[in-house]
Amino acid sequence: MSALHSARPAADRRRAFALGLAVTLVLAGCATLPRLVAPEIVSAEVRVVDVRLPVIRIDVELALRNPNPSPVAIASLDADLEIAGERAGTARLAGPVTLESASVSRVLVQTIGDASVALVVLARSLGSARPIDYALRGTVVLADGTAFPFVRRGEVRSGGARP
């Protein structure tokens, strides 16, 4: 019986050592994984696509730069579009996209909003040569679940938007 008791602690120590080694290797592997850097909005073009009261559809074409050394899969991009300080609608990525490594890709974000807000803003700007400010505030969610908040501001002039 005493031989059985002395063998058990040795087996337990070996299991504990193996488990500790496995945990150490897993943690070391995680520590060497590079952290993803958020995609950057390089430019945005805002276009009114359709007005059918009470709804307005605005497309925002974003140029996204992937600064990472590997491709990044974007699962979703959701944002609020403000025009002249007024919330004009909700923007959503048309579908998942993959940004190639160290490159710039164009993606379409479709916005559905309240036409009355947009018409009020346009009415205020009529007769003035001033551009209309816009802001796109939201979150980019990668396929792995990593979320990056963003804000993009610019001006809408006749003929398009400027960052």
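Just so it is clear, the values below take in all heavy atoms, side chains as well, and ignore hydrogens, waters and symmetry mates.
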### Query
Are Val117 and Ile112 joined in one hydrophobic group, where the rule is that I, L, V, M, F, W and Y side chains link up if heavy atoms are under 4.5 Å apart?
no
### Task
List in chain and number order the residues that pass side chain to side chain contact (heavy atoms under 4.5 Å, CB included) with Pro96, two or more places apart in sequence or in another chain; answer none if no residue qualifies.
none
### Task
Determine the minimum heavy-atom distance between Pro149 and Ala147, stating which atoms define it.
CD-O, 4.1 Å
### Message
Which residues pass the side chain to side chain contact (heavy atoms under 4.5 Å, CB included) test with Ala63, not counting sequence neighbours?
### Response
Val42, Ser43, Val104, Arg106
### Task
Assess whether side chain to side chain contact (heavy atoms under 4.5 Å, CB included) is satisfied between Val46 and Ile58, documenting all intermediate values.
CA-CA 7 Å; Val46 179; Ile58 301 168; 3.5 Å; yes
### Donor-acceptor under 3.5 Å (Asn68 side chain, Ser101 main chain)
no
### Query
Can you find a heavy atom in the side chain of Leu62 that is under 4.5 Å from one in the side chain of Leu108?
no
### Val48-Leu53 co-clustered via ILVMFWY side chain contacts under 4.5 Å
yes
### Task
Give the C-alpha distance, both sets of side-chain angles, the deciding distance and a yes or no for side chain to side chain contact (heavy atoms under 4.5 Å, CB included) between Val72 and Thr98.
CA-CA 6 Å; Val72 172; Thr98 299; over 6 Å; no
### Task
Kindly write out the residues that satisfy side chain to side chain contact (heavy atoms under 4.5 Å, CB included) with Ser105, not counting sequence neighbours, or none if the list is empty.
Leu99, Ser103
### Message
When you compare the side chain of Arg137 with that of Arg152, does any pair of heavy atoms fall below 4.5 Å?
### Response
no
### Derivation of the side chain to side chain contact (heavy atoms under 4.5 Å, CB included) call for Ile74 and Leu142
CA-CA 4 Å; Ile74 296 179; Leu142 304 184; 4.0 Å; yes
### Task
Specify the closest pair of heavy atoms between Pro67 and Val37, including all atoms of both residues, with the distance to one decimal.
CG-CG1, 3.7 Å
### Message
Test: side chain to side chain donor-acceptor pair (under 3.5 Å). Region: residues 108-117. Which pairs qualify, not counting sequence neighbours?
### Response
Asp114-Ser116
### Query
Of all heavy-atom pairs between Ile41 and Phe150, which one has the smallest distance, and what is that distance?
CD1-CD1, 3.5 Å
### Task
Can you sort out the partners of Arg87 under side chain to side chain donor-acceptor pair (under 3.5 Å), two or more places apart, ordered by chain and number?
Asp80, Thr90
## Note on the structure
Nearest heavy-atom approach of Tyr134 to Leu81 is CD1-CD1, 4.3 Å
### Query
Under the side chain to side chain donor-acceptor pair (under 3.5 Å) test, which residues partner Thr146, sequence neighbours left out?
Asp144
### Message
For a side chain to side chain contact (heavy atoms under 4.5 Å, CB included) check, start with the C-alpha distance between Thr139 and Phe148, then their side-chain angles and the critical distance, and finish with the verdict.
### Response
CA-CA 5 Å; Thr139 305; Phe148 296 104; 5.8 Å; no
### Task
Check Leu136 against Ala91 and note the closest heavy-atom contact, atom names and distance.
CD1-CB, 4.1 Å
### Joint hydrophobic cluster, Leu36 plus Val141, side-chain heavy atoms closer than 4.5 Å
no
